[in-house]
Every structure is written in C-alpha cells, then in structure tokens.
Amino acid sequence: NWTGVEIWQPYVEKFGLQKKYDTLSNTDAISFLEGNTDFDICFIGDLIEHMSKTEAVRMVELAMATSRVVIISVPIIKYHQDEFEGNPYEKHVKDDWSVTEMLETFGMHVMSYGVEGEIGVFVLSWTDATYIKVALKPQVAVYAICKNEITFLDRFYKSIKDADFISIVDTGSTDGTFERLKEYQTDRELFPARMQVQQILVDPWRFDDARNVALSLLPLDPDVCVSIDIDEMMEPGDSRGWKQILIDKIEEDLRTIGRPADRYHHRFSTIWNWDRPNEAPNFTDHWHERIHSRTGYRWKLPVHEILVNDGEQTVRWMDDLKMIQKPDTSKPRSSYLPLLEQSLKEDPSHWKSWSFYAGDLLAQNRTDEALTAIGKARLIPDADQAYLHFQASNVYQHLRNYPKAVLELLLAVVNSDAREYRVWLARLYQSINKPREALNMMLMAAEIKERSYGYTYDPTCWGTSFENLLTQLKLACLQD
C-alpha cells in the first residue's frame, strides 16, 4: 500500500492525490508519523526545507522509528522561496541545507547519498544496515563473445566471475567452449540466472552484431557494463579487487553528480609474447574505453568495432583499473581484410579503420594500396598524423626505400612529443649504418622523461633496453 500525506487541502484536489495513493492523510507530516508505525519505506520529498531544523530532525527521527528505510530529497543550495498560490506551506523556512550539514545532522544513519544538480538524495536506516548497503551497492555486468576459446576460458572466467551479471555469446565453438560455459552457469553459487550463455549464428559475420547481442542479453539492472574478450582478463589491481575499485569510483560519482558516469576509461595492456616466458616481456599499454552504462550504447562496424552513443557523455579516467590481454597468436586474421573493406564502405570517417586496413594490406604485400589508405587516413581531421607517418615509414622500409622511410619517421618526430618515434628512427638509422644520426636521435629521446600512455607505447624505448641501445651507439660512434 502507498500512503500519502498532504497538509494543503487544495493540492489534494488540484493534483488528484486521492487517486495516486491507497490512503491519503490531510495533515502535517509530524502529526501523521506520531500516530502511525510500521512502514517499509518513508519518502520525504522536498519537505524538510519547509520547516525549522528542529522540526526536520524530529520528523526524520519519527520516520526512522516507523520505517525500515527513509529517503530524503532536499535542495542542497541556498534556495529562497515564499508562499505560492496562497499556500503558506510552500515557504522555505530553512533554505540553506548543504551536503555537509545533512551528513553532520543525519550522518550516522546515512547508508548512501547522491547529488544531481541542486538536489541531494539521502538514504537512511537505523536497522538492516547490511541489507540496505547491499541493495544500494552499484552493480557491474561483464559481457563477451567467443568461438573456440577453450584454452583461455578458465583463466578468463576466474578473473570476471565476481561480476553481478555475466552474458557470454558463443558464435559456433566446436572445441567444448560452449559446454564449459554452461558448466560455469550451473556452478555459480548465487543467482545462476544472472549468467546468460547463448549460442548464436551471425551470418554474414560481424563483430559488432555479436557484441550487440551479448549486450542485449544483460538485464537493465547493472549500473555499468564491461566488454571483454576471452583472451583478456581483469587485473585484480590492489587488495580491493577490480570490481570494488570500479564500484568505489561509481559511488564517488553518485555522491558528486548523482549517477554513474557514462564511460569509464581504463588501462589496457597486451603481452604479445606471454607464451614465451624465457623472453623479456613484449607488451603495449594504452587507454581503452570498454566500460559503459547499460543503456544508450551500441557497437558499430564489422571489425575493430567502436562503441557509440548519440548523446553527450560523462567520462572518467581510471589509471588504477586495467585489462590484460594475452592473445591467441595462433588464430588467423586473414578474414579481417574484407571486414575492414566493409567497415570503410559503411563509415569511412574513422582514421583508425584506414590505419588497420593499411596494416593488413602491407601484410599481404599490397604496398601501393597501403600507402593510399594511409593517405586517406591523413585527410581525416582527428587523425594521429605522427602515427600515420610511422606507418608509412614501415611500408617504405618493407620496400627498402630507406630515404623515404627516414623522411616519414622524421615527420613523425615533428608531429609528436613521444620518445618512441625518436627511438624507432634511431633504430632505422642504425640499420642503415648511420650510427651518428642514430646517436643524435637517441640523445633527443633521452630528454623526454615522461613515458607515453597511448597505443604508441613501446617498453623497449624505456629502461634497460633504451640504455643498452644508447651505450651501443656511443661505442659505435667512438669506433667510427
């Protein structure tokens, strides 16, 4: 049953309150609460500003004595208001509540609170505190697509099993992957229905369609969704674990903007030689954007798909949250070329699509077409010009056209402050027997102390590998 309380009789008729509640009491809230007990939830909406602080405290104490949960909505800025349309109760008596004062006044009972614009919402309880905290805790979903990933499945699942909701779409495994996923679904100790495992057919194949199906199978309950592949893992992070690190950030946003952010950008590392433990790690590390709110998002493009939202987005950057990829290097990627061609037909405005296309063309020795694709990428306004010059240099190195390869890397250096381009140019100079030019470039690189955090990051351009190359070039120049 819903019970309403309205002190001003004309509002009962004006807003049709008799039809909105099972029971309606035309009295003041304090008198009502003094004569009633045993409610599950008491919602005090935009009310305490219409009374003195003493009255407000009294009313909240009564509400907490009669209800398991009390939710208070109140302006948390200076908000003057006089009588309105003859209603004396519309006047704000205490018009300067703040978050600080609310927490000082009711803080020992506040289970959660948030602010959006000028309104603060505070959830209070004197009993069932654990239940309330669990009920209000942000929920995290993980979704993925897979095909023949049995080798990586246990490693993957162990890293994400603590998610509140899991959705995994199998697109045609024949190696036991789907059957193993169904075992995970059965073995979940609590709420097994919160793990969705489905096998689907996507024909013609597109990564975006598969990911969108996996996303659609999630309920609307999660606050955020994490898109991840089976050859990837969530890094635990600190002692809190990855999920709690994310929840702490969401709860911070609930307190400051009244809702979770739309996107949570995070770190992403790929360890390319993870299966060769005797080698020094060869990895890349950059920002990624795979964590997003449950609604308003969809994947777009057949391959190297992008997550899109048509509205404005609030973004948070989390350098303490990381995904780790240990890729399956045995899988062929030859099918990506036609998918990239389809991507470019559908939307040629993404420079990275042209860049990926150029890389695949170079792998097939189609160098002229690769250079053409790079040229088209350069025309796009937000294109990373330095990286595209680096790509062009790789094409010319493949053709053994070293003057043009050097020129392109010089242009990359001009267009970027990243150390990597200078080190890569130094290595190119070294390979064509120009040690002095190589040393000069390394000395320039040494002046850059702040490491890169984008997709250009190369660990061999830092630390011991960098120092060894610098020493080697110095010796070569002394012997020259």
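A salt bridge is absent between K147 and D170; no separation between the charged side-chain nitrogens and carboxylate oxygens falls under 4.0 Å.
Nearest heavy atom pair, residue D320 against residue R240, reads OD2-NH2, 3.8 Å.
For F207 and Y336, the ring centers sit closer than 6.0 Å to each other. Here H92 and H50 bring their ring centres to under 6.0 angstrom of each other.
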Could you check L409 against H389 for side-chain contact (heavy atoms from CB on, under 4.5 Å), going step by step and ending with a plain yes or no? CA-CA 6 Å; L409 264 178; H389 283 300; over 6 Å; no

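Here the rule is salt bridge (Lys or Arg N to Asp or Glu O under 4.0 Å) with K243, and of D223, D164, D248 only D164 fits it.
Residues satisfying the ring pair (Phe, Tyr, Trp, His ring centres under 6.0 Å) criterion with W274, sequence neighbours excluded, are F152.
Because its NZ or CZ atom is not both nearer than 6.0 Å to the ring centre of W351 and within 45° of the ring axis, R378 does not count as a cation-pi partner of that residue. Within the cation-pi definition used here (under 6.0 Å to the ring centroid, within 45° of the axis), R211 qualifies as a partner of W299.
Listed for the R294 side chain is a donor-acceptor partner under 3.5 Å among the backbone atoms of P219. A side-chain donor-acceptor contact under 3.5 Å links R290 to the backbone of S227.
Counting non-hydrogen atoms of neighbouring residues, nucleotides and ligands closer than 6.0 angstrom, the CH2 atom of W272 reaches no more than 12 such neighbours.
Pairs engaging residues 262-275 under the salt bridge (Lys or Arg N to Asp or Glu O under 4.0 Å) rule: R259-D262, R263-E289, R267-D285 [sequence neighbours left out].
Looking only at atom types and distance, the side chain of E183 has no donor-acceptor partner in the side chain of Y157 under 3.5 Å away. In the model, K345 has no side-chain atom that pairs as donor or acceptor with a side-chain atom of Q342 under 3.5 Å.
Between L339 and E341, every side-chain heavy-atom pair lies at or beyond the 4.5 Å cut-off.
Classification of the H286-H288 ring pair by plane angle, with boundaries at 30° and 60°, yields tilted.
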